[in-house]
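Here the structure is laid out as structure tokens; the discussion comes afterwards.
Every value quoted in this text rests on a predicted model; they were computed, and no experiment measured them. A, B, ... follow the sequence lines: proteins, then strands. Residue 1 opens every chain.
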Amino acid sequence: MWSILYYLRNDPEKLKWNMRMRGFSEAIVGKALELDTLWRKTLTELNDLRRKHNQISREIGRLKGEAREKKLAEAKSLLKLIEEKEKILRKIEAEREEVLLSIPNIVHESVPQGEDEEDNVPVKFWGKPKVWRRYLDRFKEQTKGFSVEYEVIDWKPIGHADMLEVLGLGDTFKAAQVAGSRFFYIFDDLVWLDLALLLYALDFLAQQGFKIVMPPYMLRRKPYEGVTALSDFEDAIYKIEDEDLYLIATSEHPIAALHMNEILEEKDLPLLYAGISPCFRKEAGAHGKDTKGIFRVHQFHKVEQFVFCRPEESWEWHEKLLENAEKLWQGLGVPYRVVNICTGDLGVVAAKKYDLEAWMPAQGKYREMVSCSNCTDWQSYRLKIRFRRRKTGEREYVHTLNSTAIASTRAITAILENFQEPDGTVVVPKVLRRYLELFPKAPKEVILPKKKRK
RNA sequence: GCCGGGGUCGCCUAGCCUGGUUAGGGCGGAGGGUUGCUAACCCUCUGGCCGAAAGGCCGCGUGGGUUCAAAUCCCACCCCCGGCGCCA
């Protein structure tokens, strides 16, 4: 049974607690309960009328003459009642569905309560960040409560946006003219770097037992509604004109939809997928934020982890996906922290979410690189993805989880800032070199600034 | 895009022409029986919803329509297969 409906009928207090935790009004729970009760009552009444009609209808097949005419009239009058009742039921059903689907996922007990990203709770730090002397205070503030080793530097690293200029390998101005702001051209070494990052992540995940997948880059509305909140639609998703098609914001979405309307076998779980795709995002709610460079853009590449598993295993998988992401970022050598996203910043789909945030020396801040969510049965209910219990034959909703492995442009910004030398040279992370070896023109050790190249 | 064939319970398949008892069968799965063990065999169960249960309702790609009654007839859409056209 879908967890939200289960709690609504068996423990509505839990749902009210959830609404309070998330800072929403709990009135909707009462409304849902009321509608569900009314729906069940009305359904019973309708079924009763239908039963009578079915009985008469069956008799008619056996009758002749006057008796038949009489029953025909009876059936017809019954039909009117049924139609009326159906109309009422449909209305209630639509309201009930709307209310039920608007209930956010039930947060895990370990999720901190809070209003916005300020209240996210760091749980782990890794690596030895390079901290510019004048950012020391900021750094201490962000690492409060943890003892994090760091290296003080006396020169100010150049921000990722300006690095595109220094290297001469990106043009966001021309892109803005031809496509709009938040688009970019990148060239040569940065293109190789983008590809190498993706291959690195895919290679790693394939070895971890993930099936690698290139999904459709567009989805119909129906599957899209199953994987995301309607409110996100307007802010994030591009629509194709005059077609029922939407550009994907992440491969999470087509992968979640891959098993739509299916009943999986318990023995086939978990299903592990590593998706690679471009991602298209409107970023409508982000006016003024990160307007320069390639940190927040309308289009980028991403390798994504996605898991369908049994409900009792999903919390283990949540930790495992985070661990995979951490290994990838440790491999790159980028210092990061992991934060436990608070209730106010969680979004309605996830029950719990970790972000992996890379230290950005030029900004003096940790910035999001990876987002790792357990969506429990919130997506699978909407997409009707179930599995059959081997022992009992019962059908239950699977749990779905997703986590970034590497998003190319963000990873590039982290590399440009963290592996920058005082002269503007960028050292290529060692783990990427094997993916660059293949190409004679690709960078191997370093990416040189424009003025140092011939 | 056009023409033809098709979509049935987890999978395969019958039913559709000619509307009307319970959508039948096989496979796979669960439980039980028989058995020295295994195999084989036999029996029961194996879509969703409402209901404490008895039971009832719904369900044959999706949505409409005709009819007292639709898997079955009609319309639209989606998808799959074959042919033609177009195409990186």
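Separating the CZ atom of A:R390 from the P atom of B:G28 is a distance of 14 Å, rounded to the nearest angstrom. The distance from atom CZ of A:R90 to atom C1' of B:C58 is 14 Å, rounded to the nearest whole Å. Between A:Q55 atom CD and B:C57 atom C1' there is a gap of 12 Å when expressed in whole angstrom units. Between the CZ atom of A:R221 and the C1' atom of B:C78 there is a distance of 18 Å, rounded to whole Å. When the P atom of B:C78 is taken as reference, atom CE of A:M218 falls 17 Å away, rounded to whole Å. Atom-to-atom, CD1 of A:I60 to P of B:A70 comes out at 12 Å; the value is rounded to the nearest Å. To the nearest angstrom, C1' of B:G61 lies 12 Å from NZ of A:K222. Per the geometry, CG belonging to A:L89 stands 11 Å off C1' belonging to B:C58, to the nearest Å.
For the residue pair A:N120/A:D355, the side-chain donor-acceptor check at 3.5 Å is not satisfied. Side chain to side chain, A:Y273 and A:E304 fail the donor-acceptor criterion of an N or O pair below 3.5 Å. For the residue pair A:T404 and A:K302, no side-chain donor N or O sits within less than 3.5 Å of a side-chain acceptor on the partner.
For the C1' atom pair drawn from B:A69 and B:G61, the interatomic distance equals 23 Å after rounding to whole Å. Distance check on atom P: B:G59 versus B:G65 gives 13 Å, rounded to whole Å. Rounded to the nearest Å, the gap between the P atom of B:C77 and that of B:A23 is 32 Å. Taking atom P in both B:C58 and B:G64, the straight-line distance is 15 Å, to the nearest Å. Between B:A39 and B:C50, the two C1' atoms lie 44 Å apart (nearest whole Å). Distance check on atom P: B:A70 versus B:G28 gives 36 Å, rounded to whole Å. A gap of 28 Å separates the C1' atoms of B:G24 and B:U34, to the nearest Å. Spacing between B:G1 and B:G15 at atom C1', rounded to whole Å, works out to 35 Å.
Residue contacts shown for A:L78 are absent, as no nucleic acid heavy atom lies under 4.0 Å away. Counting non-hydrogen atoms under 4.0 angstrom, A:R220 reaches the backbone sugars and phosphates but no base.
When Watson-Crick and G-U wobble pairs are counted only if both distances are under 3.5 Å, B:C87 pairs with no nucleotide at all. Base pairing of B:C73 is made with B:G65, judged by Watson-Crick or G-U wobble geometry with both donor-acceptor distances under 3.5 Å. Of the nucleotides present, none pairs with B:A39 by Watson-Crick or G-U wobble criteria with both distances under 3.5 Å. Using Watson-Crick or G-U wobble geometry with both donor-acceptor distances under 3.5 Å, B:C57 finds its partner in B:G48. Figure legend. B:G24 is base-paired to B:U13; pairs are counted as Watson-Crick or G-U wobble with both atom distances under 3.5 Å.
For the pair A:N54 and B:A69, the criterion of a side-chain N or O lying under 4.0 Å from OP1 or OP2 is not met. Phosphate contact (OP1/OP2 of B:G29, side-chain N/O of A:R389, threshold under 4.0 Å): absent. Distances shorter than 4.0 Å separate some side-chain N or O of A:K76 from OP1 or OP2 on B:C68.
The residue among A:L72 and A:E265 whose nearest nucleotide of RNA chain B lies closer to the 5′ end is A:E265.
The number of heavy atoms from other shown groups lying within 6.0 Å of CD (A:E115) does not exceed 12.
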Assess whether ring pair (Phe, Tyr, Trp, His ring centres under 6.0 Å) is satisfied between A:W315 and A:H108, documenting all intermediate values.
CA-CA 10 Å; A:W315 294 108; A:H108 193 250; 4.0 Å; yes
Once base and sugar-phosphate atoms are separated, protein heavy atoms under 4.0 Å mark nucleotides 46-51 of chain B, 5' to 3', with B, S and - as -SSSSS
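If you take CZ on A:R310 and CH2 on A:W317, they are separated by 12.0 Å, rounding to the nearest 0.5 Å.
Looking at heavy atoms from C-beta onward, A:H160 lies in side-chain contact with A:M360 at the 4.5 angstrom threshold.
Distance from the side chain of A:R68 is smallest to B:G20 among B:G20, B:A30, B:C57.
Shortest non-hydrogen contact noted between A:R388 and A:E265 is NH2-OE2, 3.2 Å.
The side-chain contact (heavy atoms from CB on, under 4.5 Å) test with A:L164 is passed by exactly one of A:L169, A:I158, A:L416: A:L416.
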